[in-house]
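The block underneath contains the structure these notes are about, expressed in structure tokens.
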Amino acid sequence: MTTTDSIIAIEDAYTSGAYPKRPVALVRGQGARVWDADGREYIDCVAGHGVANLGHCHPAITAAIQEQAAKLVTCSEVFYNDQRASLMAELAACTPGDLRRVFLCNSGAEAVEGAIKAARLFTGRSGVVATMRAFHGRTLGALSATWEKKYRTPFEPLVQGFTHVPFDDAQAMASAITGETAAVLVEIVQGEGGVRFGQAAYFQALRRLCDERGALLIVDEVQTGLGRTGRWFACEHVGLVPDILCLGKALGGGVPMGAIVWREGLGTLPDGAHGSTFGGNPLACAASRAVLRTLAEEGLPERAARLGERLLAGLRALEAPLVREVRGLGLMVGIELRQRVTPYLRALQERGVLALPAGATVLRLLPPLVIGEDDVSAVVEAIAEVLGE
Ligand SMILES: Cc1ncc(COP(=O)(O)O)c(C=O)c1O
């Protein structure tokens with residue numbers, strides 16, 4: 001029989017070692033619940049690091065994958081494809097403003113890489129200004145925009161031309177943008193950085209600064225996109241239309257998928273300037289189309305807004321001296337503790353709730369947007385217990 005122990009033993013014998021693993025072997029999921037190999041059930045507030053916005057095994061995603069798998073799985077972008085064509089049009093229709101040119105790839109980091117390359121091509125400049133506490137991925141370009149030293153230092157020298165300024169500080173950004181700046185790259189809510197928001201006035205100042213100085217504004221919505229924050233895109237909360245939008249995580253419904261969407265006015269990339277073997281494959285496109293359709297049909301962004309308020313209200317009502325601050329937008333929630341978060345994650349896991357860290361002291365919740373109200377209450381109760389209300 002395959003048990004948690006036997007799976008762990010095999011994986012430990014072969015794993016790269018790159019991941020700080022928890023001793024849980026997940027083998028099945030349904031909605032906001034997952035089960036381990038020993039049959040133990042959990043409420044999943046990790047959701048594949050914010051991937052499973054529609055929950056696990058949503059019937060629309062399962063059907064789309066099954067149907068497309070029996071038709072055509074791979075098709076390079078040098079040929080046209082029905083699923084890809086429809087997805088591109090649907091992405092252009094659901095993203096803000098006149099964002100409508102699409103490059104499809106396979107991950108968040110790949111979307112950020114592509115956005116940086118596109119910005120360099122469109123502007124003829126090389127500089128990128130990113131922000132402190134930003135997380136944009138692990139590949140060398142995306143890592144150069146990521147702030148955390150422990151991710152960066154072992155791999156230096158990184159890509160040239162990147163600087164970091166304090167987040168939510170328009171003055172600092174104004175001082176950092178030069179005639180060599182191709183792009184300003186920001187998250188609307190810093191996810192890995194601790195669930196921290198910038199103010200609307202900050203993002204609008206960034207928009208003005210970029211317009212005045214000929215730099216492009218890239219918004220990384222890999223984690224915040226597709227309903228997570230209670231709107232389709234977090235930039236809608238702050239009245240911002242970026243020049244280039246990066247998407248990943250939830251877009252493929254669990255199938256690897258990333259996208260860069262940019263303003264029509266920027267034009268298209270030169271022939272052969274960028275590419276990705278798996279990018280825009282029909283299987284991932286069919287899954288993504290089902291994600292977009294289901295988000296709209298089931299009103300999941302609105303549901304995230306409503307349940308997010310309930311979750312935040314429950315957490316804010318806790319009288320736990322350990323809690324420094326509760327922050328959140330929709331179903332993207334961070335509880336900043338006065339102590340390191342790891343033991344509390346472990347205690348939650350023992351009570352059947354899976355949650356994430358965001359830095360050393362923030363407990364992060366990214367539940368599927370389909371999570372039930374009872375499960376939201378159960379999560380609040382479990383957190384109250386472990387934080388010793
Ligand atoms: C805001 C943001 N950008 C980029 C990435 C990188 O995405 P991926 O892990 O798919 O490469 C992440 C991953 O957590 C993210 O949160």
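Bear in mind the structure is a predicted one, so any value in this text is a computation, not a measurement. Remember, it's 1-based here, ligands and their atoms both numbered in the order they're listed.
Electrostatic pairing of R293 and E90 does not count as a salt bridge here, judged by no charged N lying under 4.0 Å from a carboxylate O. No salt bridge links D12 with K21; every basic N to acidic carboxylate O contact stays at or beyond 4.0 Å.
V362 belongs to no multi-residue hydrophobic cluster, having no ILVMFWY side-chain contact under 4.5 Å with any other such residue.
Protein residues with any heavy atom under 4.0 Å from ligand 1: S107, G108, A109, F135, H136, G137, E187, E192, D220, V222, Q223, K249.
Applying the side chain to side chain donor-acceptor pair (under 3.5 Å) test to pairs two or more places apart or on separate chains, those with a residue in residues 119-142 are E113-T139, S126-E180, T131-Q190, H136-D220.
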Below 3.5 Å, can you tabulate the donor-acceptor pairs from side chains in residues 278-286 to any protein atom, sequence neighbours excluded?
unit_1	atom_1	unit_2	atom_2	d
N281	OD1	L283	N	3.2
N281	OD1	A284	N	2.9
N281	ND2	F278	O	2.9

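Using cut-offs of 30° and 60° on the angle between ring planes, the pair Y202 and F167 is perpendicular.
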